[in-house]
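In this text the structure is predicted, and so the values were computed from the model without any measurement.
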Amino acid sequence: MYLLQKGIQYCEVFLVMMSLCFIPVFTFFFQLFDTRLQWSNITLMGVLLLLLFGILSVVLEQRARSVS
């Protein structure tokens, strides 16, 4: 929690928001290597949607910065 607070203090808000958005992607990726866990197609679709919307948000933010 301390590192998250320091990251919020020193980084841009958008970068912090995107970092928090990608946490489920990393969690799902690490679950693939754990033989005790089983993943479902619904979970995969949800994680892919989060990733897609996160990437789309980054692209739109970069376009908005380049126009300004």
Side-chain angles (χ1 to χ4, degrees):
M1 292 302 289
Y2 177 75
L3 293 176
L4 177 62
Q5 290 173 352
K6 284 298 180 184
I8 291 171
Q9 181 181 359
Y10 292 114
C11 294
E12 295 180 22
V13 176
F14 183 75
L15 181 63
V16 173
M17 181 186 69
M18 286 292 96
S19 300
L20 292 176
C21 179
F22 290 130
I23 288 174
V25 176
F26 294 123
T27 303
F28 183 77
F29 179 73
F30 291 133
Q31 285 179 352
L32 293 176
F33 297 108
D34 192 351
T35 57
R36 299 171 294 166
L37 302 173
Q38 292 182 352
W39 57 276
S40 66
N41 290 332
I42 295 173
T43 304
L44 177 63
M45 288 181 357
V47 168
L48 288 176
L49 280 173
L50 282 173
L51 183 62
L52 176 73
F53 286 132
I55 291 171
L56 181 65
S57 179
V58 169
V59 169
L60 293 175
E61 177 73 18
Q62 291 299 323
R63 283 188 184 172
R65 284 187 181 183
S66 66
V67 171
S68 297

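Summarising the geometry of V16 relative to I8, their closest heavy-atom pair is CG1-CG1, 3.5 Å, with the distance given to 0.1 Å.
To the nearest 0.5 Å, atoms CG (L48) and CZ (F28) are separated by 7.5 Å.
Environment of CD in Q9: crowded, with over 12 heavy atoms of neighbouring residues, nucleotides or ligands closer than 6.0 Å. Within 6.0 Å of atom CD in Q62, more than 12 heavy atoms from other residues, nucleotides or ligands are found, so the atom counts as buried in its surroundings. At most 12 non-hydrogen atoms from other residues, nucleotides or ligands lie less than 6.0 angstrom from CD1 of I42.
Hydrophobic clustering (ILVMFWY, side-chain heavy atoms < 4.5 Å, transitive): L44 and F26 are in one cluster. L49 and I55 are not part of a single hydrophobic cluster, where members link through side-chain heavy atoms under 4.5 Å apart. Residues F29 and L51 fall within the same hydrophobic cluster, defined by Ile, Leu, Val, Met, Phe, Trp and Tyr side chains chained together at heavy-atom separations under 4.5 Å. Residue I23 is not grouped with residue L50 when hydrophobic side chains (ILVMFWY) are merged at heavy-atom distances under 4.5 angstrom, including chains of intermediate members. In terms of hydrophobic clustering, with Ile, Leu, Val, Met, Phe, Trp and Tyr side chains grouped at heavy-atom distances under 4.5 Å, V25 and L32 are assigned to a common cluster.
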Applying side-chain contact (heavy atoms from CB on, under 4.5 Å) to L56 and L60, what does each step give before you reach the verdict?
CA-CA 6 Å; L56 181 65; L60 293 175; 4.1 Å; yes
